[in-house]
Amino acid sequence: MEALITLLPGDGIGPDVTDCARKVLDAAAQKYDHRFQYNEARIGGAAIDATGDPLPPSTVEKCKAADAVFLGAVGGPQWSDPNAKVRPEQGLLKLRSMLGVYANIRPVRIYPELAAASPLRAEILEGVDMLVIRELTGGIYFGKKTRTDTTASDLCEYSVGEIERIVRVAARLAGERRGKLCSVDKANVLETSRLWRETTNRVVASEFPQLELETLLVDAAAMHLISRPADFDVIVTENMFGDILTDEASMLAGSLGMLPSASLGDGSAGLYEPIHGSAPDIAGKGIANPCAAIASAAMLLRHSLGLDREATAIEHAIATAITAGARTADIVAKGEERLTTSEMTAEIIRHLA
Ligand code: IPM
Ligand code: MG
């Protein structure tokens, strides 16, 4: 097939890992006889430096024209002045909103060989396989913000429609898996969470009665994710809780460098990004873990291009490379050899061939 993919390398290690994702996409295209064309555009700090705008109109155009968008990472200390009016992250949030990608799918997959990289005991990690579905275009991230010298506020708003559509995405996915859905909120304190819980209960009871629905408060969920992670199948939650819980969940996998994500709306186009940030401390050193980016590229093939076989092959190649002992610095155990970003990518491509 032919497809147009827009690449947004962004900042920090973003360009490093985007390059790896592209190499793996090219390897898959060659193996399975597809033709992928790429458009590249600026976002985040790189776009601020070049144009003053973290999401220039030309970037939006290229994203809207594409079958799928791949993003590396945004942000860095040089753009982190608390008084700055423009910030790299604004570009990413605006892009998510403009593309309407309200459903952020974050799979938490465990590679048994990496158990030593996780701070948790190996027996707790046994059988961990979950999807976190994070609402991505609403909530406190997008509410009105105010600031004076002495006060600040961020408004958190959710509508029934926004909750219904994300719950449906999560419930459908749970139906294709182990049939367990866990909704996370803070309904003992927040009004938005009470609406979230009411809506979730209603949608699941009326449209997905076969699912087992569990409801957890976010503080308890943070604890249960560590004490009984294997019990979770699909978790659905609002924007900020999902942001926090998925960084926590990445420690089950051993590193933030392992977790991919797909952000989808109602059509097939989507935005794909590793869940990690721009890691400015290791940017340009060639040691970043490309696995999250490469696994995000696999999700792109599956969800936006319908290439499930190719996606599975890439995921399998990551797993085989890891089984064969390929490790970047973030997941290396004592005495093991450390691979650079490009060596790790080459290993994965070798296992894909
Ligand atoms: C993520 C990141 C972003 C978020 C930042 C970079 C704005 O942490 O994708 O998880 O908070 O959504
Ligand atoms: Mg985050």
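All ligand and atom numbering here is 1-based and tracks the order in the structure.
Residues Asn239 and Tyr158 have side chains that never bring a donor and an acceptor to within less than 3.5 angstrom of each other. Side-chain N/O atoms of Trp79 and Asp11 include no donor and acceptor closer than 3.5 Å.
Against a heavy-atom cut-off of under 4.0 Å, Arg106 is close to the following atoms of ligand 1: 1 (C), 9 (O), 10 (O).
For the salt bridge (charged side-chain N to carboxylate O under 4.0 Å, His left out) criterion with Arg327, the lone passing option out of Glu336, Glu113, Glu337, Glu343 is Glu336.
With respect to the salt-bridge test (charged N to carboxylate O, under 4.0 angstrom), the residues Glu135 and Arg96 do not qualify. Ion pair Arg165/Asp266 not flagged as a salt bridge, since none of the NZ, NE, NH1 or NH2 atoms sits closer than 4.0 Å to an Asp/Glu carboxylate oxygen. The pair Arg202-Glu164 meets the salt-bridge criterion, since a charged nitrogen lies less than 4.0 angstrom from a carboxylate oxygen.
Considering each of Glu273, His276, Glu89, Arg96, the one bringing a non-hydrogen atom nearest atom 3 (C) of ligand 1 is Arg96.
Listed here is the closest heavy atom pair of Ala41 and Lys62: CB-CD, 3.8 Å.
Sorted by chain and number, the protein atoms of type N, O or S within less than 2.8 Å of the Mg ion (ligand 2) are Asp243 OD1.
A distance-only check finds no donor-acceptor pair linking the side chain of Asp185 to the backbone of Trp196 [under 3.5 Å].
Residue contacts with ligand 1, taken as heavy atom pairs separated by less than 4.0 Å, involve Arg134 solely via side-chain atoms from C-beta onward.
Here the protein heavy atom with the shortest distance to atom 10 (O) of ligand 1 is Asp243 OD1, 2.9 Å. For atom 11 (O) of ligand 1, the closest heavy atom belonging to the protein is Tyr141 OH, 2.5 Å.
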